[in-house]
Each structure stands twice: as C-alpha cells, then as structure tokens.
Asker: 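Have a look at this one.
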Amino acid sequence: MSGYRGRGVHGSTVEVLGARIVDGTLAPGEVLDLNAIGAELDVSLTALREAIKVLTAKGLLDARQKRGTFVRPRAEWNVLDSDVIRWRQESGDAGAVLRDLAEVRSAIEPTAAALAAQRRDEDDIAALRAALAAMEAARDGLARDAADADLQFHQALLDATHNELFAQMSVFVEPALYVRDELVHDHTVSDPVPSHQRVVEAIVAGDVDEARAAALALLEQSVADVSRVLAEEQGER
C-alpha cells in the first residue's frame with residue numbers, strides 16, 4: 001500500500017493530519033488552525049499547504065473563502081484510498097475495514113473467477129501459475145513478499161476476465177491484502193497456497209461453477225483467519 005512515511009516533512013505532515021482526521025482527533029467540520037499546526041509540527045506554511053492538497057484530494061479536507069480549511073464529513077472521504085484504509089486500520093478499525101472489503105470482494109471475485117474460466121487464454125494461465133509459484137516461494141520469506149505475490153495472483157485473476165472494469169477492481173483487493181498482512185503478521189494462519197491453487201485448477205479446466213466456488217472458499221478462509229487473529233488479539237488485551 002502507498003504511504004507517506006519516509007517522504008520528508010511533507011510526507012510526515014500528511015501522515016499526522018490524515019491519521020488525526022480518520023481517528024476523530026480532528027472532527028468533521030472542524031476548522032484547522034494552520035498557524036498552530038505549523039508551529040506544533042515545526043513545518044512551514046508552504047509544506048503544510050502541500051500536505052493539505054494531498055488530503056483534499058483524498059476527500060478529507062476542503063477549503064472555502066471566509067471559512068478556511070476544514071475537515072469534510074466522513075461520507076465524503078475517498079474510503080477506497082489506500083492511505084485512508086491504512087489510517088482506519090491503525091486507528092483500531094481493522095475489523096470493520098476488513099469486513100467491508102471482504103463483503104465487496106465476495107461480490108466481485110467469484111464472478112471474476114467464473115468469467116476467467118470461460119475466457120482465459122494461455123497468457124492468463126501462465127500469469128496465474130507464475131503468481132502461484134511466487135506465493136509458494138514467499139511462504140517462508142518476508143511478509144511483504146507474500147502480500148505482493150498474493151496481489152499478483154488476484155490481479156492476474158481479474159485480468160483473465162478480459163473485462164477492463166473487472167481488471168480495475170484491484171482497488172478493492174490491494175488494501176484488503178495489505179491490511180490483512182499487517183494484522184496477521186506473527187500469527188499462525190492457514191496456508192494460502194492450496195486455496196489459490198484450487199482456483200487456478202478450476203480456471204485452467206474451464207469449470208465455471210468450480211472456479212466460482214473456489215474463489216468464494218478462498219475468501220471465506222481469509223475471513224476466518226482474520227476473525228481468529230482479531231479474537232486472539234482481543235483476548236491478549
């Protein structure tokens with residue numbers, strides 16, 4: 001997922017203000033005191049305005065004459081933005097974030113798998129198998145590598161629909177994978193390779209019903225893993 005950490009003063013200002021808006025420290029409708037924020041964060045008004053432009057593009061802030069710069073209502077946020085999703089997760093909202101994403105994915109990916117079983121070509125099959133091999137290679141590696149391989153797989157699946165709109169649906173998949181990755185890190189979860197392999201086998205065989213069922217089962221396994229990890233973490237508190 002994208003992020004502004006490590007991008008200097010501008011990036012750190014985006015991170016601080018974005019997180020404060022999403023966790024409610026800066027409430028909807030609240031007008032920002034730019035001079036006070038600049039002094040607190042030790043940033044120039046120029047750097048602060050650049051950060052505000054970024055947050056305005058994400059739907060978190062707006063500016064009006066005579067009113068100033070203010071926090072927009074939550075309903076107007078770009079909730080699909082990867083940084084907004086990450087800030088929600090970091091504010092303790094991981095369960096709701098993953099639930100919302102899982103529900104949307106369950107409406108998209110089983111149908112995508114069924115279409116892929118009908119329309120896949122040799123290049124699509126090669127891409128799916130390459131992604132599956134990357135997932136296998138990342139089993140005992142870095143968590144980020146595993147998430148990258150998982151995203152590679154799901155993008156290959158969406159591409160195999162040969163539907164340009166489905167191919168853009170990774171906007172829902174990418175944040176779900178990276179939030180899940182961060183959440184389940186250091187926890188024992190199900191091996192994801194067999195469930196993904198079942199999807200590939202069904203697509204290669206051209207079995208529409210099995211591809212749909214396998215994609216749904218894959219999502220259900222992921223939800224079960226996350227639910228268990230969240231329960232474990234709640235029990236540790």
Asker: Output yes when a side-chain donor or acceptor of Trp77 lies under 3.5 Å from a complementary backbone atom of Arg72, and no otherwise.
Answerer: yes
Asker: With hydrophobic residues grouped by side-chain heavy-atom distances under 4.5 Å, do Val43 and Val54 end up in a single group?
Answerer: yes
Asker: CG of Asp225 to CZ of Arg228: how many Å apart, nearest 0.5 Å?
Answerer: 5.5 Å
Asker: Calculate, to the nearest 0.5 Å, the distance between atoms OG1 and CD belonging to Thr161 and Glu109 respectively.
Answerer: 11.5 Å
Asker: With a 3.5 Å cut-off and no angle check, do the side chains of Asp93 and Ser91 form a donor-acceptor pair?
Answerer: no
Asker: Looking only at heavy atoms, what is the nearest atom pair of Leu158 and Ala112, with distance?
Answerer: CD2-CB, 3.9 Å
Asker: Tell me, with the steps shown, if Gln152 and Asp148 meet side-chain hydrogen bond (donor to acceptor under 3.5 Å, both in side chains).
Answerer: CA-CA 6 Å; Gln152 179 186 341; Asp148 286 345; over 6 Å; no
Asker: State whether the side chain of Asp100 and the backbone N or O of Val97 hold a donor-acceptor pair below 3.5 Å, judged by distance alone.
Answerer: no
Asker: Could you give the distance from CG (Leu61) to CD (Glu76), rounded to the nearest 0.5 Å?
Answerer: 11.5 Å
Asker: Transitively linked via ILVMFWY side-chain contacts under 4.5 Å: Val71 with Val84?
Answerer: yes
Asker: According to a 4.5 Å side-chain heavy-atom criterion applied to Ile, Leu, Val, Met, Phe, Trp and Tyr, with indirect links allowed, do Leu216 and Val200 form part of one hydrophobic cluster?
Answerer: no
Asker: Among the clusters formed by ILVMFWY side chains lying less than 4.5 Å apart, do Leu218 and Ile108 turn up in the same one?
Answerer: no
Asker: Atom CG of Leu165 and atom CD of Gln168: how far apart are they, to the nearest 0.5 Å?
Answerer: 8.0 Å
Asker: What are the two closest heavy atoms between Val208 and Ala114, and how far apart are they?
Answerer: CG1-CB, 3.6 Å
Asker: Can a salt bridge be assigned to the pair Glu201 and Arg198 using a cut-off of 4.0 Å between side-chain N and carboxylate O?
Answerer: no
Asker: Please round to the nearest 0.5 Å and tell me the distance separating atom CD of Glu220 and atom OG of Ser195.
Answerer: 11.5 Å
Asker: Is it true that Val226 and Val223 fall in one hydrophobic cluster, defined by side-chain heavy atoms closer than 4.5 Å?
Answerer: no
Asker: Is the shortest heavy-atom distance from the side chain of Leu128 to the side chain of Phe153 under 4.5 Å?
Answerer: yes
Asker: Verify, without hydrogens or angle tests, whether Glu174 (side chain) and Met169 (backbone) share a donor-acceptor contact under 3.5 angstrom.
Answerer: no
Asker: Using modelled atom types and a 3.5 Å cut-off, is there a donor and acceptor pairing between side-chain atoms of Arg120 and backbone atoms of Ile203?
Answerer: yes
